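Some notes on the structure that comes next.
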Amino acid sequence: MKELVLKHLKKEQDYCSGEEISHKLGVTRAAVWKAIKKLQEEGYQITSSTRKGYKLIVSPNVITASEVKDELQTKIMGQEIIYYEAIDSTNNEAKKKAREGASEGTLIIADQQTAGKGRLGRSWISPSGEGIWMSLILRPHILPNQASQLTLIAGLGMCEAIERVTGLKAQIKWPNDVVVNSKKICGILTEMSAQVEQIEYVVVGIGVNVNLSSIPEELPYASSLAIEGGKEYSRKKIIATFLEIFEVDYTQYVKSLNLNFIKERYEQSCITLHRQVKLITKENECIAKALGINEEGALMAQMQDGSIQTVSSGEVSVRGLYGYID
Ligand code: ADP
């Protein structure tokens, strides 16, 4: 109902009386009024005048299910979208929905996360109205130890989506952070539920700092697209473009079950390669030169003794010698 009222207001671009809308849509005026209230609660600015009726002021940068779907040209990803104004963590909600049987491609979006999660129990700062905080439910027929490969595909997809929508040069910090001007713009947290050899579901959680005008002091390596680009960007366009790129790559991946088909694109976008990096594990830290990725998405690194080792993404954090990248 509210979608139909919204469509009508968008089409008219001017005041429409409640009576006119109720007549056109064949519903009561009370139903129209209810729908308007709901839209206002979601963040749409709708003015009302007793004489002239309702007018949509601007279609703000909202990322409700219907707004994102308007932009979307996919067959699986985002066909079902569940939007929350605020939620603790979209990954937690996605896991709950997945357990309840949500289908592959279901997307959970929140305008704000109150307890957003990063890797290794870290937290992800997710203020309202400014970022993309979303989680995608997947049900691939792959082995549990292959799930981390989906994170690389998602990282590449978001890197390319950001470039396409904003024109900014985005790069990937292996395995799955997206950076602009060497600053962290996006993080990805993949979680799964599996039984021995079989995956029940995978949840790919993605956080993108889109229109944040400032970054909290505790995140010296982070930035936002708005800060780097000097203007605001459409969150729904970035979401839709990401889902389109990801759908194509994911479909290819579940057929080929290796990352050879994206290796070239990934390596071209990867800021980590050809640099000296610090590899940090729970036990120790070492310095190595990042050479490339293999077909499983692991980092090929040349150690200081000249040997080449394969580093898989679950085990390490990668940093520059002095800071986040350099
Ligand atoms: P890592 O970079 O070690 O792999 P994650 O990708 O899991 O870590 O992200 C968690 C870390 O990201 C947090 O410890 C915090 O330093 C940082 N962080 C939290 N919120 C944001 C944000 N909105 N933008 C950029 N970085 C963030």
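All values reported here derive from a predicted model rather than from experimental measurement. Counting convention: from 1, in listed order, for ligands and their atoms alike.
- A salt bridge is defined here as a Lys NZ or Arg NE, NH1 or NH2 lying under 4.0 Å from an Asp or Glu carboxylate O, and E67 with R235 fails to meet this definition.
- A continuous path of ILVMFWY side-chain contacts below 4.5 Å connects I199 to L259, so both sit in one hydrophobic cluster.
- Considering backbone and side-chain N/O of K184, one or more are found under 3.5 Å from N/O of ligand 1.
- For atom 25 (C) of ligand 1, the nearest non-hydrogen atom from the set A222, S223, G121 comes from A222.
- Among L219, L212, D177, the residue whose heavy atom lies nearest to atom 15 (C) of ligand 1 is L219.
- Between the choices S123, S313, C186, the shortest heavy-atom distance to atom 13 (C) of ligand 1 belongs to S123.
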Quick one: do I82 and Y84 satisfy side-chain contact (heavy atoms from CB on, under 4.5 Å)? Show the steps, please. CA-CA 7 Å; I82 308 170; Y84 299 89; 3.5 Å; yes
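- Here is the list of ligand 1 atoms found below 4.0 Å of a heavy atom in G118: 7 (O), 10 (C).
- Nearest protein neighbour of atom 24 (N) of ligand 1, counting heavy atoms only, is N209 ND2, 2.8 Å.
- Contacts of I125 with ligand 1, taken as heavy-atom pairs under 4.0 Å, involve both backbone and side chain.
- Looking from atom 22 (C) of ligand 1 to the surrounding protein, the closest heavy atom is W124 CZ2, 3.4 Å.
- Checking only distances, R122 does come within under 3.5 Å of ligand 1, N or O to N or O.
- R265 pairs by the side chain to side chain donor-acceptor pair (under 3.5 Å) definition with E160, D249, not counting sequence neighbours.
- Using cut-offs of 30° and 60° for the angle between ring planes, the W133 and W124 rings count as perpendicular.
- Note on I293 and L257: same hydrophobic cluster, where clusters join Ile, Leu, Val, Met, Phe, Trp and Tyr whose side-chain heavy atoms are under 4.5 Å apart, directly or indirectly.
- Salt-bridge formation is not detected for the pair K7/D70: no Lys NZ or Arg NE/NH1/NH2 atom is positioned less than 4.0 Å from an Asp or Glu carboxylate oxygen.
- For atom 7 (O) of ligand 1, the nearest non-hydrogen atom from the set R119, Q113, K183 belongs to R119.
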